[in-house]
Q: 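Pasting a structure below so you can have a look.
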Amino acid sequence: MSTHETRLVDTFGRGHRDLRVSLTDRCSLRCTYCMPADFADWIPSAELLTTDELMTVLEVAIDEGIDEVRLTGGEPLLRPDAVDVVRRINALPRPPRVSITTNGLRLAAQAGALRDAGLERVNISLDTLDRERFKKMTHRDRLDDVLAGLAAAKAAGLAPVKVNAVLMPGVNDDEAVPMLRRALDEGWRLRFIEQMPLDAGGLWNRASMISAEQILENLSTAFDLTPVPVRGSAPAEEFFVNGGPETVGIIASVTRPFCGNCDRMRLTADGQLRNCLFARDETDLRAILRDPDFDHSQVLDGIRERLHLSVAAKLPGHGINDPAFIQPPRPMSAIGG
Ligand SMILES: C[S@@+](CC[C@H](N)C(=O)[O-])C[C@H]1O[C@@H](n2cnc3c(N)ncnc32)[C@H](O)[C@@H]1O
């Protein structure tokens, strides 16, 4: 529960409390729905926010009402000082809850240190339990490392361990039921994410997307699912499995958008503020942070002003289902998923 009111309220009355922070656009996997295998269009290192710059932005954002920070990327744990970033966020005045979305590859080595630094929980992405498929879907033979990361997160008490899965037709869509069985066995909280038009290759196609309805239909062949009544601003629609208390979630950004309750903002690794995953406009915070004519208090004021401008410009919805929808110029990996 938040300890202070958010001042980040948009023109539709939505208050913003959740900031997704991309720590890097680099990634150790090449998930086919995210990045082509030969992707090389990285943000130049000099443009990435330093950790001091990031803390300055967070200080203002927290002051304005952000109380939840999710670290993401790219692969956030590729940032060499990721543990220190978590520690420093927790040392800020009024520290927010801090979680991380990761592919899990570095978690076996880092879960304990992340927890000790104040990380509350993890979301780990895992689309298949089959090694050959994993290789095909990510272009890397690293399934065992993800599973080791999942075990390490659980052992470190980073609870609940959430697992995010994207299903693709003819690739892994037959794994919904086995994935949920495994999740129930392991104590993971599984959520299926509909594939979104955010891939670097621009290959997304509505007709070849597994919808929430298809996933629910598929799961219902093996489990009794009943909706969990309270959802709030959470992206996932949750369902009790066989009466609960275990649940499974569906994040149906495409077929059942939940923009009306959105409380999220995003900060890219190069210091651009985005008011929506699908926004085409960004608000440049890096320019303020690096303006040689600004002293520290002018920097803080400038960030505060731009934070409010970005919130005020937020549209009512992401527009994916609008015939005029155009995919954002940045792919998911460079925005921060
Ligand atoms: C972009 S990744 C970044 C964090 C980290 N590397 C990871 O794997 O979790 C965050 C999440 O976005 C999901 N994702 C990436 N591209 C997507 C797309 N086009 N549609 C839906 N989800 C996507 C991934 O499956 C992952 O769960």
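All ligand and atom numbering here is 1-based and tracks the order in the structure.
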Q: Tell me: protein heavy atom nearest atom 4 (C) of ligand 1, and distance?
A: Gly74 O, 3.2 Å
Q: Hey, quick one: are Leu315 and Met196 part of the same hydrophobic cluster, counting side-chain heavy atoms closer than 4.5 Å, chains of contacts allowed?
A: no
Q: Within the structure, does Gln195 bring an N/O atom to less than 3.5 angstrom of an N/O atom in ligand 1?
A: no
Q: Mark up the atoms of ligand 1 that fall under 4.0 Å of a heavy atom belonging to Cys34, in ascending order.
A: 15 (C), 16 (N)
Q: May I ask you to say whether Asp174 pairs ionically with Arg133, meaning some side-chain N is under 4.0 Å from a carboxylate O?
A: yes
Q: Look at atom 22 (N) of ligand 1 and say which protein heavy atom is nearest, naming residue and atom and giving the distance to 0.1 Å.
A: Val166 CG2, 3.7 Å
Q: Has Glu237 got a side-chain atom pairing as donor or acceptor with Pro227's backbone, closer than 3.5 angstrom?
A: no
Q: Under 4.0 Å between a side-chain nitrogen and a carboxylate oxygen: does that hold for Arg94 and Asp67?
A: no
Q: Looking at Arg70 and Asp18, is there a salt bridge between them, counting it only when a charged N and a carboxylate O are closer than 4.0 Å?
A: no
Q: Counting only heavy atoms closer than 4.0 Å, does ligand 1 sit against the backbone of Ile124, its side chain, both, or neither?
A: neither
Q: Record the part of Asn103 in heavy-atom contact with ligand 1 below 4.0 Å; permitted values are side chain, backbone, both and neither.
A: both
Q: Which one of Glu194, Arg70, Met209, Met196 has a non-hydrogen atom at the shortest distance from atom 19 (N) of ligand 1?
A: Met196
Q: Testing the basics here: between Leu126 and Ala165, what is the closest heavy-atom pair and its distance to 0.1 Å?
A: O-CB, 3.2 Å
Q: Check each heavy atom of Thr101 against ligand 1 and say whether those closer than 4.0 Å belong to the side chain, the backbone, both or neither.
A: both
Q: Is ligand 1 less than 4.0 angstrom away from at least one heavy atom of Gly336?
A: no
Q: Considering only the protein, which heavy-atom contact is closest to atom 13 (C) of ligand 1, and what is its distance?
A: Met332 CE, 4.0 Å
Q: Please work out which of Ser22, Gly73, Ser125 has its closest non-hydrogen atom nearest to atom 27 (O) of ligand 1.
A: Ser125
Q: Could you identify the single nearest non-hydrogen protein atom to atom 24 (C) of ligand 1 and state the distance to 0.1 Å?
A: Tyr33 OH, 3.9 Å
Q: Can you check side chain to side chain donor-acceptor pair (under 3.5 Å) on Thr268 and Asp270, steps first, answer last?
A: CA-CA 5 Å; Thr268 64; Asp270 57 348; 2.5 Å; yes
Q: In ligand 1, which numbered atoms sit nearer than 4.0 Å to a non-hydrogen atom of Thr72?
A: 3 (C), 4 (C)
Q: Compute the shortest N/O to N/O distance between Cys27 and ligand 1 and return yes if it is under 3.5 Å, no if not.
A: no
Q: Are Arg274 and Glu282 close enough for a salt bridge, meaning some N to O gap below 4.0 Å?
A: yes
Q: Between Arg304 and Asp63, is there a side-chain N and carboxylate O pair less than 4.0 Å apart?
A: yes
Q: Out of curiosity, does Leu143 fall in the hydrophobic cluster containing Met137 (side-chain heavy atoms, cut-off under 4.5 Å, transitive links)?
A: no
Q: Taking only heavy atoms of Asn164, which atoms of ligand 1 are found under 4.0 Å from at least one of them?
A: 27 (O)
Q: What atoms of ligand 1 come within less than 4.0 Å of a heavy atom belonging to Thr102?
A: 5 (C), 7 (C), 8 (O), 9 (O)
